[in-house]
Amino acid sequence: TLVKVKKSSTLNQEDKLEKSKLNNGKSASAVKKGSFLLKGDEANTERSLAVNAYLHQLRKKSTSTTGSCSSLNETVGRKLIATREKDMGPNVSIFYKQDGGLVITSGNGVFMHDIDGNDHLDCCNNVACVGHSHPDVVAAGCKEMANIQTNGRFLNPTQQRYLEKLLATFPPELNTVYMVNSGSEANDLALRIARAHAKVQGQCNRPEDVIILDSAYHGHTQALVDISPYKWYQATDGWNYHPPTTHVVSCPDGYRGRVQLGQTEECGRLYAEEVEQVVRQTGGVGVFIAESIVGCGGQIVPPPGYLRRCYAAVRQRGGVCIADEVQTGFARCGTHFWMFQQHGVVPDIVSMGKPMGNGYPVAAVVVRREVAQSFAASGIEYFNTYGGNSVACAIAEAVLDTIKKEKLQENALQVGLYLTQQLNDQVKSKYPKWVGDVRGNGLFQGVEIVQNGSKALIEPYPELTKFLVDHLRYDRIIVSRDGPDENVIKIKPPLVFSKSNVDLLVSGLLTALDAANSLGVF
């Protein structure tokens, strides 16, 4: 089999240093923030000017029809931005900052409503998994909050009732829960638990070490930034950041990564060899952590057999395997309740957050019992003041019940299949030169925008990607872009997304691509 081997979509060290010099020491990501006139695109001033002029006209048109860029949204938005920048940290990000932001005041189902009363189709909010302001979720929270919200060390039947329902969604091996408040907190705790179990087992030489995927993101605590290259590459000095206990392997991208064999067992085997090599060279590491689909890395679906091989290699020397389901869990993939189940593996630890409370702060870590016993063996008591409080559990229970009652797992499967079909048949078929890859499962998908998509040499196209995202925003369709080259449109809407919502998204994307084509500068 011919294996296409090229550098990873994340730049290698030499490329990073060279690009850093070109951008006066700033990372590529750091220069891409803000207005469309990217510093990295100064060589193409004609394109920048044409695009800015077009988007300005589109914005004026949106304003004249009481769109999201109306004077009220922009006036209030700019005041809020000024206040926010005065009161909050200077590196706290804001969506659509360049034109006054987007002032969202309410939401319902798959729509968010701005201060002018306009509806925006939400295609990027996997947090509100059962839809914005779901009445059952709101009622459950209000009812329990009227009763009490107190320290999680008091007994409350709501918590135990919820935990039994939650554990019923897992394979029987995963039978013990720790409650926390956020995805970052869940991953931070998962890391502690995994390292403790690796030490107790005593089979690996480096129980503190962690194998991670390039461009991964697992959270914002220091321990998690140390295993999140996605954050390293944003820093002005991040090209050389490499914690000694962290081992980075290639993101298993079968489209534009090091091995370009698509969704094949051979692709999975070749990428897994990197993990196997790290285990051999170190004599065993304590932890392997990966998302079941790599979200911030560009919606990368690991090829068949990849996770099975990685898990086997790490476990052979006493390591622990963590599935980060913070973004992908709770029925989003459609075929299963948890995305890791698509890969035919059972992790030692699973972390979850975001959609668990439909936006309310609640998260958890689910582990095998023997792993929990190793964590307890240290003698250190574990408690979490708010983790698993009765209000959080009442809301989380309502989310779980709603997923089942409204058959949202089945909806994610059917609508997800329709979304994939429409993106391929309507969008990619019309613009194969730009739409390189459509990938994902259920309602967690990505569209990679490239140059020369139909040729052998494929390069990312972040400038066009940003134009498409901005164009959709003025059509009141909200998507995000991500990936190491910021050229992947992420689609991860609430699970109540419908086929008619897909049609609206696809129509908007086609309109944006048509506009890009007509401009003649891309």
Side-chain angles (χ1 to χ4, degrees), residues 106-108 125-170 174-193 218-221 224 322-332 337-338 349-367 372 375 381-406 408-409 492 494-496:
S106 62
N108 181 264
N125 206 327
N126 57 334
V127 177
C129 71
V130 299
H132 294 284
S133 308
H134 193 287
D136 291 353
V137 176
V138 172
C142 291
K143 179 181 178 182
E144 189 59 31
M145 194 174 289
N147 291 332
I148 193 168
Q149 181 168 358
T150 186
N151 195 300
R153 283 179 284 183
F154 291 107
L155 295 175
N156 190 294
T158 304
Q159 182 189 77
Q160 297 312 125
R161 187 175 66 243
Y162 172 65
L163 295 185
E164 299 232 343
K165 290 182 179 181
L166 178 65
L167 287 175
T169 67
F170 283 94
L174 293 162
N175 53 19
T176 305
V177 188
Y178 292 91
M179 296 296 292
V180 293
N181 302 284
S182 71
S184 287
E185 196 177 345
N187 276 330
D188 193 272
L189 178 60
L191 202 57
R192 281 181 59 200
I193 295 171
H218 296 291
H220 61 74
T221 70
L224 299 178
I322 302 173
D324 180 345
E325 291 272 342
V326 172
Q327 288 204 65
T328 58
F330 290 91
R332 182 155 292 274
F337 202 82
W338 302 102
I349 300 174
V350 180
S351 57
M352 66 207 70
K354 291 189 189 297
M356 190 172 178
N358 214 52
Y360 190 87
V362 58
V365 181
V366 174
V367 307
F375 184 51
E381 176 192 32
Y382 174 79
F383 68 89
N384 190 306
T385 304
Y386 298 113
N389 68 77
S390 61
V391 174
C393 286
I395 290 172
E397 182 182 28
V399 171
L400 206 58
D401 290 346
T402 299
I403 291 173
K404 295 190 174 183
K405 181 175 68 175
E406 298 185 4
L408 295 184
Q409 182 175 327
K492 45 190 181 68
L495 298 184
V496 292

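One is the number of the first residue; the rest follow in order along the sequence.
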Evaluation steps, side chain to side chain contact (heavy atoms under 4.5 Å, CB included), between Leu155 and Gln160: CA-CA 9 Å; Leu155 295 175; Gln160 297 312 125; 5.8 Å; no
Is the Tyr178 ring parallel, tilted or perpendicular to the Tyr382 ring (thresholds 30°, 60°)?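 Taking Tyr382 first and then Tyr178, their aromatic rings stand perpendicular (interplane angle over 60°).
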For [X] versus [Y], what's the shortest heavy-atom pair and its separation?
{"X": "Gly107", "Y": "Ser133", "answer": "O-OG, 2.9 Å"}
{"X": "Cys129", "Y": "Ile403", "answer": "SG-CD1, 4.4 Å"}
{"X": "Ala392", "Y": "Pro361", "answer": "CB-O, 4.3 Å"}
{"X": "Asn175", "Y": "Val366", "answer": "N-CG1, 4.5 Å"}
{"X": "His218", "Y": "Asn187", "answer": "O-ND2, 2.8 Å"}
{"X": "Ala140", "Y": "Ala394", "answer": "CB-O, 3.7 Å"}

Who are the side chain to side chain donor-acceptor pair (under 3.5 Å) partners of [X], not counting sequence neighbours?
{"X": "Asp136", "value": "Lys405"}
{"X": "Asp188", "value": "Thr221"}
{"X": "Glu185", "value": "Asn181, Asn384"}

Is there a side-chain contact between Asn125 and His132, using heavy atoms and a 4.5 Å cut-off?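 In contact.
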Going by the rule side chain to side chain contact (heavy atoms under 4.5 Å, CB included), which residues pair with Ala186 if we only count those two or more places apart in sequence or in a different chain?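 Side chain to side chain contact (heavy atoms under 4.5 Å, CB included) check on Ala186 returns Val180, Ser351, Ala363, Val365.
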Got a sec, which residues hit side chain to side chain contact (heavy atoms under 4.5 Å, CB included) with Glu406, two or more places apart in sequence or on another chain?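 Here the qualifying residues are His134, Thr402, Leu408, Val496.
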Donor-acceptor pair, [X] side chain versus [Y] backbone, under 3.5 Å?
{"X": "Asn156", "Y": "Ser390", "answer": "no"}
{"X": "Asn126", "Y": "Lys492", "answer": "no"}
{"X": "Asn389", "Y": "Gly152", "answer": "no"}
{"X": "Gln159", "Y": "Gly388", "answer": "yes"}

Where do Phe330 and Lys354 land on the side chain to side chain contact (heavy atoms under 4.5 Å, CB included) test, with the steps shown first? CA-CA 10 Å; Phe330 290 91; Lys354 291 189 189 297; over 6 Å; no
When you look at CZ of Phe170, are more than 12 heavy atoms from neighbouring residues, nucleotides or ligands closer to it than 6.0 Å?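 Correct, the count exceeds 12.
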Does the side chain to side chain contact (heavy atoms under 4.5 Å, CB included) test come out yes or no for Phe383 and Asn151, once each step is laid out? CA-CA 10 Å; Phe383 68 89; Asn151 195 300; 5.7 Å; no
Scan for salt bridge (Lys or Arg N to Asp or Glu O under 4.0 Å) pairs involving residues 141-163, sequence neighbours excluded, and state none if there are none.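 Sorted result for residues 141-163: Arg161-Glu397.
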Single hit among Ile395, Val399, Leu400, Leu166 for side chain to side chain contact (heavy atoms under 4.5 Å, CB included) with Met356: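 The passing option is Leu166.
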